[in-house]
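Below: one structure, written as structure tokens.
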Amino acid sequence: MSKTTTSKQPMSGLRTVKRDFSSSSLPSASQESVASTSDTIPWQPTPPKETKKLSGLEQRLKDIQDALKGQVVSSESVLASSSQVQKRPSSSQNPPAKRRQLPPSWEKEEQEKKPAAQSSRPAYPQRTFGATRQTNATPHANETLIVPAARSGAASKPAPVFLSQEQTHILRLVEAGMSLFYTGSAGAGKSVLLREIIKTMRKKFPKSPDAVAVTASTGIAACNVGGVTIHSFAGIGIGAEAADNLVQKVRKNKKAMTRWLRTHVLIIDEGRNDSSWSNLSSIVLLQCLCWMGISSTSWPRSAPKFARIRCHSVAFRSSSQETSSSCHL
Ligand SMILES: Nc1ncnc2c1ncn2[C@@H]1O[C@H](COP(=O)(O)OP(=O)(O)OP(=O)(O)O)[C@@H](O)[C@H]1O
């Protein structure tokens with residue numbers, strides 16, 4: 001009988017695997033043996049987990065967290081997230097803005113106000129300074145400059161002066177050709193009267209402006225009346241010399257002589273507080289000059305004599321005088 005050697009086949013179908021632990025390549029050998037010995041097992045790969053779709057903000061937050069952890073953030077995701085965040089609708093996509101309108105009740109009020117405002121407003125631009133005049137030099141030829149009444153040309157004219165009885169009396173004496181002086185307390189109206197005397201006398205000699213000489217004892221007083229100092233007019237310097245010497249001095253001064261000869265009316269605003277005649281050196285001096293001139297034989301015959309000069313000594317400021325008064329020199 002022939003013996004057939006058959007390998008023992010386990011009844012269970014399992015195979016025995018011999019392991020050789022001496023070999024260093026045990027794992028690979030075992031794996032190969034497993035792979036070779038085992039049948040291919042159908043392997044279904046596990047499907048990838050469905051990643052939750054993050055919103056833009058969540059994605060951006062995740063990116064930031066990843067970046068903080070040291071992970072590289074994909075620029076695409078960042079860009080995508082940023083575009084999601086920053087994306088704003090363009091203006092062209094917006095509907096056109098509605099025009100704002102006032103409530104109907106307001107519109108009525110505006111229409112009622114407009115005619116009133118237009119009627120009160122002049123047709124031309126206004127200015128609140130300067131005189132009321134039209135000028136062609138400005139770009140707006142018809143521009144009217146409106147002025148406050150106080151500064152307009154008509155208003156700047158001094159109001160007509162109505163002299164009192166005393167003031168009128170003194171003015172009539174001056175017009176009659178008398179030499180006089182008048183005085184009065186502060187505010188009595190001396191300066192007002194002086195201005196009227198100057199105006200009246202200048203009207204009397206319209207063709208010779210030098211006929212009326214307006215002088216004062218001090219420079220400030222002379223400025224107030226629009227004249228010069230009496231010393232400057234007379235040509236006597238400071239007038240500290242004797243009268244005879246001053247007369248000689250004046251005669252040598254051709255300009256001073258011409259002034260004297262042209263003068264028909266001499267007005268002096270003497271503003272000194274001391275009313276004593278001894279302090280009125282200029283007036284006394286002028287009186288001396290007048291009388292010496294009359295008696296002078298060397299005086300040109302064609303020239304008017306000093307006797308024709310009316311010396312009006314004006315305005316002694318004396319508190320003792322209560323009312324204005326006048327006297328003849
Ligand atoms: N006849 C007049 N009509 C209207 N106003 C007058 C008249 N006389 C004087 N006044 C007014 O009285 C005020 C004082 O006048 P004024 O300055 O001439 O006095 P005054 O004697 O010269 O005073 P002061 O000695 O202080 O210079 C002024 O406001 C002036 O306008």
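Computed over heavy atoms, backbone and side chain alike; hydrogens, waters and symmetry mates excluded. In each ligand, atom 1 is the first atom listed, and ligand 1 is the first ligand listed.
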Measuring only between side-chain heavy atoms, which start at C-beta, is Tyr182 closer than 4.5 Å to Val174? no

- Item | 4.5 Å side-chain heavy-atom contact, Ile198 and Thr200 | no

In ligand 1, the atoms that come under 4.0 Å of a heavy atom of Gln167 are 1 (N), 8 (N)

Sorted by chain and residue number, the side chain to side chain donor-acceptor pair (under 3.5 Å) partners of Asn253 (sequence neighbours excluded) come out as none

A student checking ligand 1 against Ser185 at a 4.0 Å heavy-atom cut-off should list atoms 21 (O)

With sequence neighbours left out, the residues meeting side chain to side chain donor-acceptor pair (under 3.5 Å) with Glu175 are Arg172

One finds that the ligand 1 atoms under 4.0 Å from a non-hydrogen atom of Phe162 are 1 (N), 2 (C), 3 (N)

Closest to atom 10 (N) of ligand 1 (heavy atoms only, candidates Leu194, Thr168, Val192) is Val192

d(Ile220 CD1, Asn224 CG) to nearest 0.5 Å is 8.0 Å

Note: heavy atom closest to atom 14 (C) of ligand 1, options Gly187, Ser164, Ala221, Ala188, belongs to Gly187

